[in-house]
Amino acid sequence: MVNVLLLTDVSVVRGGNTILDSVNWSVDDDQRWVVLGPNGAGKTTMLQIAAAIIHPSSGVAEVLEEPLGGTDLFELRPRIGFASTAMARKVPANEKVIDVVMTAAYSVTGRWNEEYEEIDERRAQRVLTEWKLGHLAARKFGTLSDGEQKRVQIARAVMTDPEILLLDEPASSLDLGAREELLQLLGGYASESGSPAIVMVTHHVEEIPRGFTHVLLMSEGRIVSAGPLAEALTSEALSTTFGLDIELTENDGRYSARAR
Ligand SMILES: Nc1ncnc2c1ncn2[C@@H]1O[C@H](COP(=O)(O)OP(=O)(O)O)[C@@H](O)[C@H]1O
Ligand SMILES: [Mg+2]
């Protein structure tokens, strides 16, 4: 068991507002976490720390056993896979799908020559196939459906074989079919031996894939509940997190929630 993320008393203050408030959290490589909380709870900010994109205002954040601040971020970042809508917006609409995925590798190796190009292309094609995108490799990113674009973002994030995979709302805005297809792929990936630690931010308990093991509930920059799903995901904890009387039900490893 290897620790991949360790936050100790981590706070983030921006423009006088405390966005993360003394957060303590530990993620090991055999854990698959879901992070739930209302808009503005600080979920994306916490992922940005885990992705070594920002530093805490105070406290200590260790990513892959490297304390942020004491580490060369350019060596650390390729070991982290990060997929978010914000990142997808930066992809030019006319970029070929295979290139969207392959460029993740170029930022790792920092090399560009024929030899690497071929190896990377083969790997990108394999990753695309794993995420059911193999037939779309030559298509332009902008012509894909929402569901396909989300899967391309994840394929790009896993292209470098990261040690921690961070997903910020990968299922948001998907229709039922696309959501279920994505959850099936994510659940399968999460359960594979050799898959990395995963942290997935979502707004809905319905989007927790099978195979995920832990949950972190947060509200107003603070952790409400964290731990194994069976212990930490309760009607009471959800009610506190969302400020509403919520009833949680579980059925064969999938969850649903509604106001009481
Ligand atoms: N650069 C910033 N300056 C000031 N406030 C910010 C900044 N970025 C985010 N925030 C605020 O921090 C809070 C948490 O944001 P975020 O981490 O994106 O939450 P979540 O992802 O849970 O919706 C929000 O209230 C947001 O408005
Ligand atoms: Mg967010």
Side-chain angles (χ1 to χ4, degrees), residues 5-27 32-63 68-69 73 77 80-91 146-147 149-154 156-157 164-174 178-179 182-183 186 197-209 212 214-227 229 232-233 237-244 246 248 255 257:
L5 179 66
L6 186 60
L7 305 184
T8 309
D9 273 330
V10 163
S11 295
V12 172
V13 180
R14 276 188 184 145
N17 295 324
T18 302
I19 294 167
L20 287 183
D21 193 358
S22 297
V23 168
N24 290 288
W25 187 31
S26 171
V27 175
R32 314 284 178 259
W33 284 79
V34 168
V35 176
L36 279 159
N39 277 320
K43 304 180 297 294
T44 294
T45 304
M46 204 167 62
L47 271 203
Q48 285 173 335
I49 287 179
I53 293 169
I54 62 167
H55 287 199
S57 310
S58 63
V60 179
E62 288 169 63
V63 182
L68 297 188
L73 292 183
R77 282 201 193 123
I80 303 165
F82 184 36
S84 70
T85 309
M87 236 151 79
R89 270 193 230 107
K90 290 184 199 147
V91 176
D146 266 6
Q149 288 197 359
K150 296 274 186 197
R151 298 209 302 280
V152 171
Q153 291 164 44
I154 297 172
R156 181 184 153 85
I164 180 169
L165 176 62
L166 308 167
L167 306 171
D168 199 353
E169 299 190 33
S172 70
S173 86
L174 297 185
R179 181 190 82 180
L182 180 70
L183 294 187
L186 274 175
I198 304 176
V199 176
M200 168 181 161
V201 170
T202 174
H203 276 130
H204 302 289
V205 297
E206 287 78 2
E207 293 171 358
I208 302 176
F212 275 59
H214 288 67
V215 68
L216 181 136
L217 298 174
M218 62 187 301
S219 167
E220 296 179 350
R222 289 192 207 97
I223 293 180
V224 176
S225 173
L229 274 167
L233 189 64
L238 276 177
S239 301
T240 306
T241 304
F242 289 92
L244 188 72
I246 291 171
L248 173 79
Y255 299 86

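Note that ligands are numbered from 1 as they come in the structure, with each ligand's atoms numbered from 1 the same way. In what follows, every heavy atom counts, from backbone to side chain, and hydrogens, waters and symmetry copies are set aside.
The backbone N or O of Val13 lies less than 3.5 Å from no partner atom in the side chain of Thr18, so there is not a single donor-acceptor pair. For the pair Lys43 (side chain) and Gly37 (backbone), a donor-acceptor distance under 3.5 Å is present.
With contacts defined as side-chain heavy-atom distances shorter than 4.5 Å, the pair His203/Glu169 qualifies. Within the 4.5 Å cutoff, side-chain heavy atoms of Leu229 are placed close to those of Ile208.
For Glu220, the CD atom is loosely surrounded, since the number of other residues' heavy atoms within 6.0 Å does not exceed 12.
For the residue pair Asn24/Thr8, the side-chain donor-acceptor check at 3.5 Å is not satisfied.
If you check which protein heavy atom lies closest to atom 10 (N) of ligand 1, you get Ile19 CD1, 3.6 Å. Atom 2 (C) of ligand 1 has as its closest protein heavy atom Arg14 CD, 3.3 Å. Of the protein's non-hydrogen atoms, Gly42 N, 3.2 Å is the one closest to atom 19 (O) of ligand 1.
Each of the atoms 17 (O), 18 (O), 20 (P), 21 (O) of ligand 1 lies under 4.0 Å from some heavy atom of Thr44. In the vicinity of Asn39, heavy-atom distances shorter than 4.0 Å reach the ligand 1 atoms 23 (O). Proximity to Thr45 (heavy-atom distance under 4.0 Å) selects the following atoms of ligand 1: 15 (O), 16 (P), 17 (O). When each atom of ligand 1 is checked for a heavy atom of Ala41 under 4.0 Å away, the hits are 19 (O), 20 (P), 22 (O).
Contact annotation for atom 26 (C) of ligand 1: protein absent (non-hydrogen atoms, distance under 4.0 Å). Within a 4.0 Å radius of atom 8 (N) of ligand 1, the protein contributes at least one heavy atom.
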Review point. Given Leu216 and Leu36, is the side-chain contact (heavy atoms from CB on, under 4.5 Å) satisfied, shown in steps?
Key: CA-CA 6 Å; Leu216 181 136; Leu36 279 159; over 6 Å; no
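The only option from Val63, Leu5, Leu165 that meets the side-chain contact (heavy atoms from CB on, under 4.5 Å) definition with Ile80 turns out to be Val63.
At a 3.5 angstrom cut-off on N or O pairs, Gly40 counts as close to ligand 1.
At a threshold of 2.8 Å, the Mg ion (ligand 2) has no backbone or side-chain N, O or S atom of Thr45 nearer than that distance.
Within the structure, the closest approach of Gly37 to ligand 1 does not fall below 4.0 Å when heavy atoms are considered.
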